[in-house]
**Student:** 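Please read through the structure below; I'll follow up with questions.
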Amino acid sequence: MKVIVRDAEIFRNIELEQLQDYMQSHGWQFDRPFLDNATIWVKQEAQRGQFEIMLPNHKNLGDYVTRISEAIEALATIESRSQLEIIGSLISSYPNITIQGIVTQIPSPNGNTLNREITLLGVVVDKLRPVITLLADYEYILAIKAYTERLPVLCQGDLIKENDKFMLKNPQQFRFDETVRC
Amino acid sequence: MSKHLQPNLTLDINQQKEQFSNTYLQAVTTVAGYSLYKPFVDDDSIDWGIAAKGLEGIVQAPRLELQLKSTSRDVLDDKVIRYPLKLKNYNELILTGYATPRILVVVIIPEKLTDWLKESEEELCLKHCAYWVSLRGMPPTKNTTNVTVTLLRENQFTVAALQSIMLDISQGVKP
């Protein structure tokens, strides 16, 4: 099944530099500016010909989301990959996201301190990925219960990618996911 | 028998106007040698994009995006068309911060549905005419619902006009 992404927030959170780096590493080259606020990038594919993609110049443009979504759609067509796969390799930060998953790693309490980094296995854009977050006190105890009883959980926070690992900063509302029955 | 030929499946008049103006735009764009595309659904101030078609259906520059409106109201003056545009649309069309330039196209359609098309063996004529304007850089307004925008009657949205706009864009000149 071909999944078409229509969630504007996802595209808004794709950084232009990340997309340009991705394109350059996949053989795309800057070709020319387009009017005041965009650039045209091209890629020569043997036997298929020359493809073209327009990129906006900065995030504040009114059509940033539209242009980024078009670029991802075009890349997916040209590279025969899914949009989700491409977005998955481009997302490096996603503020105020809710991660749904299960707790896969949880260290024992350290002395009297009830705060430790736990690992959730949750869906980030296109697939299950480990997400590390620091929980304390009541939420940490909930995480232990979720881990031992294999209960699915939800947690809100700001997702960022650091050294190829996803971290959920400022975790809030860590809770059991009552919508899922195991 | 005849009553079965008039099922309740017909579009309402506003949907008919929308489809008719889409068809008008499609005809002009096709003859001008460009293709139409639907932009991302999130953007409600843009109905269509016009571009050169590249390989495998991926659009190429030059690019132009537009809001398409239609009306049967008496909006024609000697020299201009005065069209009441929703404030939100106006506010978005006057901005300069877009990668792709934007214009407003208004299709004037006869009031009576039976007058919309002139059909014969020789021709299929779509009535009446479309006009275009770029509102980029126009001043903000204190209006609260609509803004009456003025389109010059000489700015007909014809094949030649579209080709000229696209040529200008490809040479770095925005409409």
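Numbered from 1 within each chain, the chains take letters A, B, ... in sequence-line order.
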**Student:** Mind listing the closest non-hydrogen atom pair of Leu25(B) and Phe157(B) along with its distance?
**Tutor:** CD1-CE2, 3.5 Å
**Student:** Under a 4.5 Å cutoff for heavy-atom pairs, which residue among Val59(B), Thr100(B), Ile169(B), Thr96(B) has the most contacts with chain A?
**Tutor:**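 Top option by heavy-atom pairs under 4.5 Å: Thr100(B).
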**Student:** Taking the six-membered ring of Tyr64(A) as reference, does the NZ or CZ atom of Arg67(A) fall below 6.0 Å from its centre and within a 45° cone about the axis?
**Tutor:**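 Because its charged atom misses either the 6.0 Å distance or the 45° angle limit, Arg67(A) does not stack over Tyr64(A).
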**Student:** Which atoms of Leu55(B) are under 4.5 Å from chain A, going by heavy atoms: the side chain, the backbone, both sets, or neither?
**Tutor:**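 It is both, since atoms from each part get that close.
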**Student:** Side chain from CB out, backbone as N, CA, C, O: work out which of these in Glu45(A) comes under 4.5 Å of a heavy atom of chain B, or both, or neither.
**Tutor:** neither
**Student:** Over 60° means perpendicular and under 30° means parallel, so tell me whether Phe20(B) and Trp116(B) are parallel, tilted or perpendicular.
**Tutor:**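 Judged by the thresholds at 30° and 60°, the geometry between Phe20(B) and Trp116(B) is tilted.
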**Student:** Chain B heavy atoms under 4.5 Å from Arg32(A): which part of the residue, side chain, backbone, both or neither?
**Tutor:**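 Interface part for Arg32(A): side chain.
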**Student:** Is it true that a side-chain atom of Thr77(A) and a backbone atom of Glu73(A) form a donor plus acceptor pair closer than 3.5 Å?
**Tutor:**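 Yes, because the side chain of Thr77(A) sits within donor-acceptor range (under 3.5 Å) of the backbone of Glu73(A).
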